[in-house]
Enquirer: 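My questions will all concern the structure given below.
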There are 2 protein chains.
Amino acid sequence: MIMFETIQAMAEPTRLAILKMVRRREMPAGQIAGKFKGITRPAVSQHLRILKDAGLVTERREGTRRIYRLRPEGFAPLKALLEDFWDSKLERLKAAAEKLEKRKP
Amino acid sequence: MIMFETIQAMAEPTRLAILKMVRRREMPAGQIAGKFKGITRPAVSQHLRILKDAGLVTERREGTRRIYRLRPEGFAPLKALLEDFWDSKLERLKAAAEKLEKRKP
DNA sequence: ATCATATGTTAGTTAAAACTAACGTAAGTG
DNA sequence: CACTTACGTTAGTTTTAACTAACATATGAT
């Protein structure tokens, strides 16, 4: 269950929003927290830690700031699983096509 | 947040195991439940419902049996998100390459 | 050295998800 | 019809995850 931590880390609305937020441009923790209303800064900080521990974001320190950005490599195993799931769809289509083929050879 | 239900449905070890289990071959509920020890049949039944509601498996009835199998289409939005995340890695590599290029034109 | 800024951490509380036990249902069998 | 098989459902409990409030740390400025 290698990619399970990845899924769990993504399975929370605030954390998923953070991931999308730091997808292209890196952002300091405070700025990330500022984007949410109804969620306190410490809560965001905890979410950032979970994302970091799961290897989905990197943290870089610049002075007193901590700057986060997406770490795409962290998603690789999950991506592979989904591709595997997707393949099962293609396999079925292929099997269905071959079945049709047999009927008028 | 269209694919969020997908992520949540996957974010539980038993459910993830079920998804892998019905990836290629369809299976009746009882047989699925039988594969787990330490998890009761009703619990598995509840997990199946969550997976079905999320559109990740289909249910087919055959006599008194309910047969489940993977529904790959259900993963499409999440798959797209991960591909989008992955792109951000490629974009960075491209940007880095272009930077190098400029140094000896 | 003092203060401000930016952020993380911890213990304790609250909220959400999973589980259990008991019951309900629907198809198949004698 | 009575009984069995194969499931699902519900209410209530337990477990897990998220949140809050108070405190801690580390950098930078005066």
Side-chain angles (χ1 to χ4, degrees), chain A residues 1 3-22 25-71 74 78, chain B residues 1 3-22 25-71 74 78:
Chain A
M1 262 196 239
M3 89 283 287
F4 186 67
E5 199 183 0
T6 307
I7 302 175
Q8 270 221 1
M10 294 179 76
E12 203 280 335
T14 306
R15 289 200 293 266
L16 187 58
I18 292 173
L19 289 173
K20 289 178 181 173
M21 214 173 268
V22 298
R25 49 199 167 303
E26 57 184 16
M27 281 173 80
Q31 194 178 335
I32 294 170
K35 297 276 181 185
F36 297 100
K37 44 184 178 183
I39 299 164
T40 62
R41 194 191 50 70
V44 171
S45 186
Q46 285 169 1
H47 286 310
L48 284 169
R49 183 146 146 65
I50 289 166
L51 291 173
K52 197 182 78 177
D53 287 352
L56 304 187
V57 299
T58 58
E59 182 202 284
R60 179 168 72 82
R61 299 187 188 194
E62 195 169 273
T64 163
R65 296 219 168 95
R66 300 209 188 179
I67 299 172
Y68 293 87
R69 78 165 165 190
L70 196 73
R71 184 173 169 274
L78 177 57
Chain B
M1 261 196 237
M3 89 283 288
F4 187 69
E5 199 183 0
T6 307
I7 302 175
Q8 271 221 359
M10 295 179 76
E12 203 280 334
T14 306
R15 288 200 294 267
L16 187 59
I18 292 173
L19 289 173
K20 289 177 181 173
M21 214 172 267
V22 299
R25 50 198 167 300
E26 57 184 18
M27 281 172 79
Q31 195 179 333
I32 294 169
K35 296 277 180 183
F36 297 99
K37 44 183 177 183
I39 299 164
T40 62
R41 194 191 50 72
V44 171
S45 186
Q46 285 169 1
H47 285 311
L48 285 169
R49 184 148 147 63
I50 290 167
L51 291 172
K52 196 181 78 177
D53 287 352
L56 303 187
V57 299
T58 58
E59 181 203 285
R60 179 168 72 83
R61 298 187 188 195
E62 196 169 273
T64 164
R65 297 222 168 93
R66 302 211 187 176
I67 300 172
Y68 292 88
R69 78 164 164 191
L70 195 73
R71 184 173 168 273
L78 177 57

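The sequence lines fix the lettering, A, B, ..., with proteins before strands; numbering per chain opens at 1.
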Enquirer: Respond yes when some side-chain nitrogen or oxygen of A/Y68 is under 4.0 Å from OP1 or OP2 of C/dG8, and no when none is.
Expert: yes

Enquirer: Without decimals, in angstroms, what is the distance between B/M27 CE and D/dA6 P?
Expert: 14 Å

Enquirer: Just the rounded figure in Å: distance from P of C/dT5 to CD of A/Q31.
Expert: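 My rounded result for the distance is 18 Å.
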
Enquirer: Rounded to the Å, how far apart are A/E59 CD and C/dG8 C1'?
Expert: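 Taking atom C1' of C/dG8 as the reference, CD of A/E59 is at 9 Å.
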
Enquirer: Which nucleotide wins on minimum distance to the side chain of B/R49, given the candidates D/dG8, C/dT7, D/dT9?
Expert: D/dT9

Enquirer: Scan the side chains in residues 41-51 of chain A for donor-acceptor partners under 3.5 Å anywhere in the protein, sequence neighbours excluded, and list what turns up.
Expert:
unit_1	atom_1	unit_2	atom_2	d
A/H47	ND1	A/R15	NH1	3.1
A/R49	NH1	A/D53	OD2	3.4

Enquirer: Taking CG from A/L48 and C1' from C/dA6, how many angstroms apart are they, rounded to a whole number?
Expert: 13 Å

Enquirer: For B/I32 and B/M21, work out which heavy atoms get closest and say how close.
Expert: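 What the structure gives for the nearest pair is CG2-SD, 4.1 Å.
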
Enquirer: Treat primed atoms plus P, OP1 and OP2 as sugar-phosphate and everything else as base, then score nucleotides 13-30 of chain C 5' to 3': B for base contact with protein heavy atoms under 4.0 Å, S for sugar-phosphate contact only, - for none.
Expert: ----SSBB-B----SS--

Enquirer: As an exercise, state the distance from CG of B/L16 to CG of B/L56, rounded to the nearest 0.5 Å.
Expert: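 B/L16 CG to B/L56 CG: 10.5 Å, rounded to 0.5 Å.
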
Enquirer: What closest approach, in Å, do B/Y68 and B/A29 show between heavy atoms, and which atom pair accounts for it?
Expert: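 Closest approach of B/Y68 to B/A29, heavy atoms only: CE1-CB, 3.8 Å.
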
Enquirer: As a test of understanding, state which of A/T58, A/L19, A/I18 forms a side chain to side chain contact (heavy atoms under 4.5 Å, CB included) with A/L70.
Expert: A/L19

Enquirer: Among B/K52, B/R69, B/R71, whose side-chain hydrogen bond (donor to acceptor under 3.5 Å, both in side chains) with B/E59 holds?
Expert: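 Of the listed options, the one satisfying the test is B/K52.
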
Enquirer: Roughly, in whole Å, what's the span from CG in A/L51 to P in C/dG8?
Expert: 12 Å

